[in-house]
Amino acid sequence: MPIANSHKMILAIETSCDDSAVALLDMQGNVLTSQISSQTELHEKYGGIVPELASRKHLTTLPLLIRYVLGEFDIRLQDLQAVAVTYAPGLIGSLLVGVSYAKSLAWLAGVPLIPVDHLEGHLLAPFLDHKDLRFPYMGLIASGGHTHLVIANGLNDYKLIGKTIDDAAGEAYDKVAKMLGFQYPGGPIIEKLAGECEKPTIEFPIPLKGKKTLNFSFSGLKTAVRNKAIEGDLYVEKKELISYDDFAKWPESDKKDRVRDIAASFQQVVVKIIVQRFEKALKQYPMKDIVLTGGVASNTGIREGLQALAQKRQKRFFFPDSKNCTDNAAMIGYTALQYFGDRRFIREDHLRMNASSKSPIGQLVVST
Ligand code: KG4
Ligand code: ZN
């Protein structure tokens, strides 16, 4: 599908974790294409990501994906105005593949390379789908690696007001799924199981209950789920992990219902934790708009919980389309574009830039 040459564009690359992603955006921020090559099949049997396998896979997938994306729109290097790449945070081996490739491409094309913080990408992702979202807002980045509650005042102006003190929200979903015998990623599976349980019966404890903090904690909840699974003889250790489709084929039984009950009871607490944190944070920081983003933002139960809170407190609630919740390159391209046209940000020599496993946003001091 060739497009007019006068349409300059930005190519964005994302390889921070287990997905190779490439997107093309025009200079107005419209996404022309956003492609993801998932590595799920490679990692699912291990119940989590194997970093060494992830970086090796990026090395073979990324060039093919870029060739496909450029070919699909008949784009030549001279049509590119800039190259954007996730430089942090993530698995360092995976990041290095994307950064090295992006450097070479930008150098060959003779265009600037714009390094993007993956967390900032997630935080700005709702702008891709909601043109009426405005700074400032309160955003929760809930993914497999992070649970960061942030006041987003403007581009490059973020205040971290709470974060997890142990596991990330997505990590908790993945670990609970694994202990029940399910493959990675566990979030979507737990959500499906929870949807099949009409009335969850288990009262799991709410972590950090009664504490003043805006931080999160999921490891105590995870232990409570493990204990319940062991008690009910549902705990699976080092066995072959199954998919949701495998589970669906089980004949209906009490055991099947008890697995669903654990999933639904767990999810019910996660929704409570997230809704209560927003509620508490909004008292301290009375923002008009709230945002949920990152892989966990695909979860309908959590979205509904926050929608109800927003209605109660008369706030506007935004979340990205599901394809823009989980890792993708469109959010990286969008974020890069915001920096591209802004003269406040002087770009360093991009041949010197490096990848980093840590995000500057993650390094901000939590103020409570
Ligand atoms: O943002 P993301 O794609 O990658 C990271 O930056 O980590 O998030 C992946 C995480 C995984 O832990 C996955 O289980 C979780 O997001 N996730 C979900 C759902 N879809 C993905 N968690 C709960 N419910 C979902 N529907
Ligand atoms: Zn992510």
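The basis for the numbers below is simple: all heavy atoms, side chains too, and nothing from hydrogens, waters or symmetry mates. Start at 1 and go down the list; that is how both ligands and their atoms are numbered.
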Subject >> Check ion pair K283-E279 (N to O, under 4.0 angstrom) >> reply: no
**OP:** Please report the C-alpha distance between M331 and L128 in whole Å, then the side-chain angles of each, then the deciding distance to 0.1 Å, and finally whether the side chain to side chain contact (heavy atoms under 4.5 Å, CB included) criterion is met.
**Re:** CA-CA 7 Å; M331 67 183 192; L128 287 167; 4.2 Å; yes
Original post:
Under a 4.0 Å heavy-atom limit, does H122 contact ligand 1 with its side chain, its backbone, both, or neither?
Top reply: side chain
Original post:
Hey, is D261 close enough to R258 for a salt bridge, meaning N to O under 4.0 Å?
Top reply: no
Original post:
At what distance is the nearest protein heavy atom to atom 19 (C) of ligand 1, and which residue and atom is it?
Top reply: G295 O, 3.6 Å
Subject >> Residue and atom name of the nearest protein heavy atom (relative to atom 3 (O) of ligand 1), distance in Å to one decimal >> reply: D327 N, 2.9 Å
**OP:** Look only at interatomic distance and state if G144 has a nitrogen or oxygen under 3.5 Å from any nitrogen or oxygen of ligand 1.
**Re:** yes
**OP:** Could you list which atoms of ligand 1 come closer than 4.0 Å to a heavy atom of G145?
**Re:** 7 (O)
Original post:
How close does the nearest protein non-hydrogen atom get to atom 26 (N) of ligand 1, and which residue and atom is it?
Top reply: E191 OE1, 2.7 Å
Subject >> Heteroatom proximity flag, N299 to ligand 1, N/O under 3.5 Å >> reply: yes
**OP:** Under 4.0 Å from a heavy atom of V296: give me the atoms of ligand 1 that qualify, with their elements.
**Re:** 16 (O), 18 (C), 22 (N)
Original post:
Near the Zn ion (ligand 2), which protein N/O/S atoms are found at less than 2.8 Å?
Top reply: H118 NE2, H122 NE2, D327 OD1
Subject >> Under-4.0 Å heavy-atom contact with ligand 1, by part of D174 that carries it >> reply: side chain
**OP:** Give a yes or no on whether a salt bridge exists between R260 and E252, defined as a side-chain N under 4.0 angstrom from a carboxylate O.
**Re:** yes
Subject >> Chi angles and distances behind the side-chain hydrogen bond (donor to acceptor under 3.5 Å, both in side chains) call for E14, T86 >> reply: CA-CA 5 Å; E14 151 65 44; T86 304; 2.6 Å; yes
Original post:
Between E171 and K175, does at least one N-O distance fall below 4.0 Å, as a salt bridge requires?
Top reply: yes
Subject >> Salt-bridge present (D132, R316; N to O < 4.0 Å) >> reply: yes
Original post:
Looking only at distance, does G170 have an N or O less than 3.5 Å from an N or O of ligand 1?
Top reply: yes
Subject >> atom 18 (C) of ligand 1: the protein heavy-atom neighbour that sits closest, reported with distance to 0.1 Å >> reply: G187 CA, 3.6 Å
Original post:
Can you check whether C17's main-chain N or O pairs, donor with acceptor, with H58's side chain at less than 3.5 Å?
Top reply: yes
**OP:** Measure up the F135 and Y137 rings against each other and bin them: parallel (under 30°), tilted (30 to 60°), perpendicular (over 60°).
**Re:** parallel
**OP:** Say whether P188 and ligand 1 are in contact under the criterion: heavy-atom distance to a ligand atom below 4.0 Å.
**Re:** yes
**OP:** Hey, can you tell me if F319 and H130 have their rings parallel, tilted or perpendicular (30° and 60° cut-offs)?
**Re:** perpendicular
Original post:
Hey, does Y184 come in under 3.5 Å of ligand 1, counting only N/O atoms on both sides?
Top reply: no
Original post:
Taking the six-membered ring for Trp, are F247 and Y244 parallel (under 30°), tilted (30 to 60°) or perpendicular (over 60°)?
Top reply: tilted
Subject >> Residue T326 vicinity, atoms of ligand 1 by number, heavy atom under 4.0 Å >> reply: 3 (O)
Original post:
Any idea which atoms of ligand 1 are less than 4.0 Å away from a heavy-atom of H118?
Top reply: 6 (O)
Original post:
Do E191 and Y173 have side-chain N/O donor and acceptor atoms under 3.5 Å apart?
Top reply: no
Original post:
Under 3.5 Å, side chain of N328 to main-chain N/O of A330, donor-acceptor pair present?
Top reply: yes
